[in-house]
Undergrad: 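Shown below is the structure under consideration.
Residues take their numbers from the sequence shown, with the count starting at 1. All of these numbers come straight from a predicted model, not from anything done at the bench.
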Amino acid sequence: MKSNSGKIEQLAFIGFGEAAMAFVSGWGERRPLKINAFDIDAGAAMKARYQSHEVCGFDTRQQALDGVDAVFSVVTADQALAAASAAAAGIAHGSFWFDCNSCAPGTKRRAAEIIEMAGGRYVDVAVMAPVHPKRHHVPMLVSGPHAQQAVAALKSLDMRPEIAGSEVGQASSIKMIRSVMVKGIEALTAECFLAARRAGVEDSVIGSLEASDPALEWRRRGAYNLERMMVHGLRRAAEMREVTLTIQELGLSGGMSAATAKWQDEIGGLHADPGPADLGARLQTVLDRM
């Protein structure tokens, strides 16, 4: 039975990875009365995750969706539309569908049509920072016709949403276009510093950059950017392919975003341990595996 108070008492996660676990651990005592989850990974490791977070894991989406007030869709960007399509048959009438995936506005609009036709309330959610260390307090933008009700529901979970607009796609547009710069800088620093180390001119190149703009702290930032790509590159590549679609939908080429996706894919696909926060060591680890 749905809650009429605006408070989320029962919810489900479709996808139970880093974001879902961060939200649940952040809620603590403010967690809903019941938390269900479904993840395509049904192995022992996933079952251990469910148990450690006091979450009820189910073998099917329909079981996880039964009777909940809201659903957080937190899958990979390339699976967001498929997740909405697969869940449509089981979503309860009036349930929120919080699409937290990093997708192009067009992708989210297609997902919204599916969820709305099934009786759910679709909400475009853009998570605007890494979920750690802020966890459920990570800043979020929401948009769509249910944005005001969605903000009230999310705030009942002690979350930090802000309304970006009344149309699906407005929140995701901000996130996607911002990622051109954020993930693009990661790719640029990787290409620049990997080439510099292989050419034997790493110190000279970084010294020149530091002389030109010392405020950027090139070594520290380069080490951080490389760690992001090494750990999260495959997921970031999927997001950047959605960014490319976003830019192309606006009548631009999206060439920079497409190239960024390739770099994210290549470095993330190495599955290399970033180790300590040392730029030189990380560069060498990547080069040794390429």
Side-chain angles (χ1 to χ4, degrees), residues 15 17-22 74-79 100-103 126-135 138-139 174-247 254-290:
E18 181 183 13
M21 290 188 289
V74 278
V75 297
T76 56
D78 57 345
Q79 293 299 310
C100 301
N101 304 299
S102 298
C103 298
V127 179
M128 299 303 292
V131 292
H132 290 292
K134 293 185 177 182
R135 297 186 293 181
V138 66
I174 296 169
K175 171 73 180 285
M176 292 289 97
I177 294 171
R178 176 181 178 273
S179 289
V180 174
M181 187 65 67
V182 175
K183 275 72 172 184
I185 288 175
E186 291 175 356
L188 285 171
T189 54
E191 182 167 308
C192 177
F193 294 160
L194 287 168
R197 188 171 184 85
R198 180 164 281 178
V201 295
E202 175 187 343
D203 290 340
S204 296
V205 168
I206 294 176
S208 177
L209 290 169
E210 288 175 338
S212 299
D213 199 341
L216 285 180
E217 300 181 74
W218 290 95
R219 285 189 182 275
R220 181 193 64 79
R221 188 67 188 184
Y224 173 80
N225 286 348
L226 203 56
E227 185 269 345
R228 295 282 88 190
M229 297 178 74
M230 294 168 81
V231 176
H232 304 292
L234 296 180
R235 187 176 68 200
R236 289 161 115 73
E239 176 182 332
M240 289 309 298
R241 285 189 282 273
E242 290 291 319
V243 171
T244 303
L245 290 176
T246 301
I247 302 304
M256 180 66 73
S257 299
T260 297
K262 290 181 179 179
W263 265 115
Q264 295 280 357
D265 245 341
E266 183 169 3
I267 293 180
L270 299 175
H271 302 290
D273 183 351
D278 178 82
L279 175 60
R282 286 176 179 171
L283 290 170
Q284 194 59 50
T285 296
V286 171
L287 287 172
D288 288 345
R289 287 176 175 248
M290 290 182 73

Undergrad: Looking at residues at least two apart in the chain, or sitting in another chain, which of them share a side chain to side chain contact (heavy atoms under 4.5 Å, CB included) with Ile206?
TA: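 Checked Ile206 against side chain to side chain contact (heavy atoms under 4.5 Å, CB included); matches are Phe193, Glu202, Glu210, Trp218, Arg219, Leu279.
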
Undergrad: Please list all pairs passing the side chain to side chain donor-acceptor pair (under 3.5 Å) test where one or both residues lie in residues 280-290, with sequence neighbours left out.
TA: Arg197-Gln284, Gln284-Asp288

Undergrad: Report the distance from atom CG of Asp213 to atom OG of Ser208, rounding to the nearest 0.5 Å.
TA: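 Interatomic distance, Asp213 CG to Ser208 OG, rounded to 0.5 Å: 11.0 Å.
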
Undergrad: With rounding to the nearest 0.5 Å, note down the distance linking CG in Asp265 to CE in Met240.
TA: 11.5 Å

Undergrad: So, for Ala77 and Cys103, which heavy atoms are closest and what is the spacing to 0.1 Å?
TA: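 Taking every non-hydrogen atom into account, O-SG, 3.5 Å.
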
Undergrad: Quick one: closest heavy-atom pair of Ser257 and Ile247, and the distance?
TA: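 Minimum heavy-atom separation between Ser257 and Ile247: OG-CG1, 4.2 Å.
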
Undergrad: Using the side chain to side chain contact (heavy atoms under 4.5 Å, CB included) criterion, which residues pair with His132? Sequence neighbours excluded.
TA: Glu18, Ala22, Arg135

Undergrad: Show your working on side-chain contact (heavy atoms from CB on, under 4.5 Å) between Met176 and Glu239 and close with a plain yes or no.
TA: CA-CA 8 Å; Met176 292 289 97; Glu239 176 182 332; 3.8 Å; yes

Undergrad: Going from CG on Leu194 to CD on Glu191, what distance comes out if it is rounded to the nearest 0.5 angstrom?
TA: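 Going from the CG atom of Leu194 to the CD atom of Glu191 covers 8.5 Å.
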
Undergrad: Let's go through Lys175 and Ser102 carefully: what are the C-alpha distance in whole Å and the side-chain angles of both, what is the deciding distance for side-chain contact (heavy atoms from CB on, under 4.5 Å) to 0.1 Å, and is it a yes or a no?
TA: CA-CA 7 Å; Lys175 171 73 180 285; Ser102 298; 3.0 Å; yes

Undergrad: Please report the interatomic distance NZ(Lys183) to NE2(His232), rounded to the nearest 0.5 Å.
TA: 10.5 Å

Undergrad: Specify the closest pair of heavy atoms between Val205 and Cys192, including all atoms of both residues, with the distance to one decimal.
TA: CG1-SG, 4.0 Å

Undergrad: For the CZ atom of Arg220 and the CG atom of Leu216, what is their distance to the nearest 0.5 Å?
TA: 9.0 Å

Undergrad: Once you round to the nearest 0.5 Å, how far does OG1 of Thr260 lie from CZ of Arg241?
TA: 12.0 Å

Undergrad: How close do Trp263 and Met290 get, heavy atom to heavy atom, and via which atoms?
TA: CZ3-CE, 4.2 Å

Undergrad: Determine, stepwise, if the pair Ile174 / Met128 fulfils side-chain contact (heavy atoms from CB on, under 4.5 Å).
TA: CA-CA 9 Å; Ile174 296 169; Met128 299 303 292; 3.9 Å; yes

Undergrad: Look at atom CE of Met256 and say whether more than 12 heavy atoms of other residues, nucleotides or ligands are closer to it than 6.0 Å.
TA: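 Atom CE in Met256 is not crowded, with 12 or fewer foreign heavy atoms closer than 6.0 Å.
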
Undergrad: What are the two closest heavy atoms between Val138 and Ala129, and how far apart are they?
TA: CG2-O, 3.3 Å

Undergrad: Applying side-chain contact (heavy atoms from CB on, under 4.5 Å), run through Thr246 and Val180 and close with a yes or a no.
TA: CA-CA 10 Å; Thr246 301; Val180 174; over 6 Å; no

Undergrad: Write down the atom of Gly15, the atom of Ala20, and the distance for their closest heavy-atom approach.
TA: O-CB, 3.7 Å

Undergrad: Between Arg198 and Leu283, is any pair of side-chain heavy atoms under 4.5 Å apart?
TA: no

